[in-house]
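Working notes, structure below.
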Amino acid sequence: MKMVACYAYVFFFVFLAGAVNAAVSEETPSGGSNSTEFIRKCCAATLYPGLCYTSLSGYANEVQQSTVELARVAAKLTRARLRSTAFHVAALGRGATGPERGALRDCSEQLDDAAEWARKTVAELKGLDGAVGPEVASRVSNALTWMSAALTSEDTCTDGFLVVAASSVKADVCHRVRKVEKYTSNALALIHRLRFN
């Protein structure tokens with residue numbers, strides 16, 4: 001069932017990738033300010049363009065105008081967010097009781113899994129600029145599958161709170177996970193762009 005959800009995310013973002021491709025089709029001269037404009041154009045076709053731009057524009061010098069590097073940095077930021085959120089949830093779980101404790105434990109494990117998927121994505125994208133032929137398609141496909149798996153793990157985390165009564169802890173965790181899901185969604189959209197390079 002989870003793999004079906006993963007592929008559903010992948011197919012959904014194919015549409016967004018085409019939009020990203022159109023958004024950045026206009027050639028832009030090199031330069032720092034043009035790098036931030038490049039990031040803005042790429043982010044325009046994600047589900048959360050404002051968050052995409054504000055989180056990635058600070059890496060303009062690193063990204064330059066590389067779609068591969070932009071996707072890699074987005075995945076790296078997602079991993080950092082996931083690790084931080086997983087640590088927070090685990091800490092809350094140590095002081096919880098009853099169904100809430102179980103939901104927090106399961107959520108923490110799912111977020112750890114998601115962070116590992118994101119780590120594998122970052123590793124797969126590293127050096128992709130130098131890859132050629134079938135290797136490119138294979139590595140992009142792997143990155144898409146793993147980032148989609150991260151998004152599924154995040155959904156599974158929040159699903160576990162459906163049986164938990166309303167509380168400040170539940171609200172806090174669900175809010176944090178929904179926020180990190182936006183980072184994951186944006187990274188996934190930017191990775192899809194690589195299929196059209």
Legend entry - Distance (rounded to the nearest 0.5 Å) between Arg193 CZ and Leu188 CG: 15.0 Å
Inset, instruction - Report yes or no: do Leu56 and Val122 belong to one cluster of Ile/Leu/Val/Met/Phe/Trp/Tyr joined by side chain heavy-atom distances under 4.5 Å? - result: no
Inset, instruction - Considering non-hydrogen atoms only, spot the tightest contact between Thr121 and Met147 and give its length. - result: OG1-N, 3.6 Å
Inset, instruction - Indicate if Leu70 and Tyr59 have the same hydrophobic cluster label, given that clusters are the connected sets of ILVMFWY residues with side-chain heavy-atom separations under 4.5 angstrom. - result: yes
Legend entry - Side-chain donor/acceptor of Thr78 to backbone N/O of Tyr183, under 3.5 Å: yes
Inset, instruction - Rounded to the nearest 0.5 Å, what's the gap from CD on Glu154 to NZ on Lys179? Could you check? - result: 13.0 Å
Inset, instruction - Report the distance from atom SG of Cys43 to atom CG of Leu190, rounding to the nearest 0.5 Å. - result: 6.0 Å
Inset, instruction - For Ala143 and Ile191, work out which heavy atoms get closest and say how close. - result: CB-CG2, 4.0 Å
Legend entry - From Asn34 atom CG to Lys41 atom NZ, the distance as rounded to the nearest 0.5 Å: 8.5 Å
Inset, instruction - Say whether, by atom type as modelled, one donor and one acceptor occur between the side chain of Ser153 and the main chain of Ala149 under 3.5 angstrom. - result: yes
Legend entry - Check: Arg72 side chain, Lys126 main-chain N or O, donor-acceptor pair, under 3.5 Å: no
Inset, instruction - Return the minimal non-hydrogen interatomic distance between Leu82 and Ala118, and the atom names on each side. - result: CD1-CB, 4.2 Å
Inset, instruction - State plainly whether one hydrophobic cluster holds both Phe38 and Tyr53, where clusters connect Ile, Leu, Val, Met, Phe, Trp and Tyr through side-chain heavy atoms under 4.5 angstrom apart. - result: yes
Inset, instruction - Considering non-hydrogen atoms only, spot the tightest contact between Ala115 and Arg83 and give its length. - result: CB-CG, 3.9 Å
Inset, instruction - Tell me if the SG of Cys42 lies under 2.5 Å from the SG of Cys52. - result: no
Inset, instruction - For the residue pair Phe87 and Leu111, establish whether any side-chain heavy-atom pair is separated by less than 4.5 Å. - result: no
Inset, instruction - Any chance you could lay out the side-chain contact (heavy atoms from CB on, under 4.5 Å) test for Glu116 and Asp112, step after step, and finish with the verdict? - result: CA-CA 6 Å; Glu116 176 60 15; Asp112 282 337; over 6 Å; no
Inset, instruction - Examine distances only and state if a side-chain atom of Ser148 and a backbone atom of Leu144 form a donor-acceptor pair shorter than 3.5 Å. - result: yes
Inset, instruction - Give a yes or no on whether Val173 and Val163 share a hydrophobic cluster (residues Ile, Leu, Val, Met, Phe, Trp, Tyr; joining criterion: side-chain heavy atoms under 4.5 Å apart). - result: yes
Inset, instruction - Quick one: pull up SG in Cys157 and CG in Asp113 and give me the separation to the nearest 0.5 Å. - result: 11.0 Å
Legend entry - Main-chain N/O of Ala80 paired to Ser84 side chain as donor or acceptor, under 3.5 Å: no
Inset, instruction - Keeping the roles fixed (side chain from Asn186, backbone from Thr46), state whether a donor-acceptor pair exists under 3.5 Å. - result: no
Legend entry - Side-chain heavy atoms of Glu37 within contact of Arg40, under 4.5 Å: yes
Inset, instruction - Work out which heavy atom in Ala71 is nearest to a heavy atom in Leu194; give both atom names and the distance. - result: CB-CD1, 4.1 Å
Inset, instruction - For the pair Thr54 (side chain) and Gly50 (backbone), establish whether a donor and an acceptor sit closer than 3.5 Å, ignoring hydrogens and angles. - result: yes
Inset, instruction - Answer yes if Val177 and Leu51 sit in the same cluster of Ile, Leu, Val, Met, Phe, Trp and Tyr residues linked by side chain heavy atoms under 4.5 Å apart, and no otherwise. - result: no
Legend entry - Polar side-chain atom of Ser66 near backbone of Val63 as donor-acceptor pair, under 3.5 Å: no
Inset, instruction - Check for a donor-acceptor pair, side chain of Lys120 on one end and backbone N or O of Trp146 on the other, with a separation under 3.5 Å. - result: no
Inset, instruction - May I ask you to decide whether Arg178 forms a salt bridge with Glu181, counting only side-chain N to carboxylate O separations under 4.0 Å? - result: no
Inset, instruction - Identify the heavy atoms of Lys170 and Val164 that sit nearest to each other, and give their distance. - result: NZ-O, 2.7 Å
Legend entry - Reported OG-to-CD1 distance for the pair Ser35 and Ile39, which is rounded to 0.5 angstrom: 6.5 Å
Legend entry - side-chain contact (heavy atoms from CB on, under 4.5 Å) between Trp117 and Leu151, intermediate numbers included: CA-CA 9 Å; Trp117 291 124; Leu151 200 53; over 6 Å; no
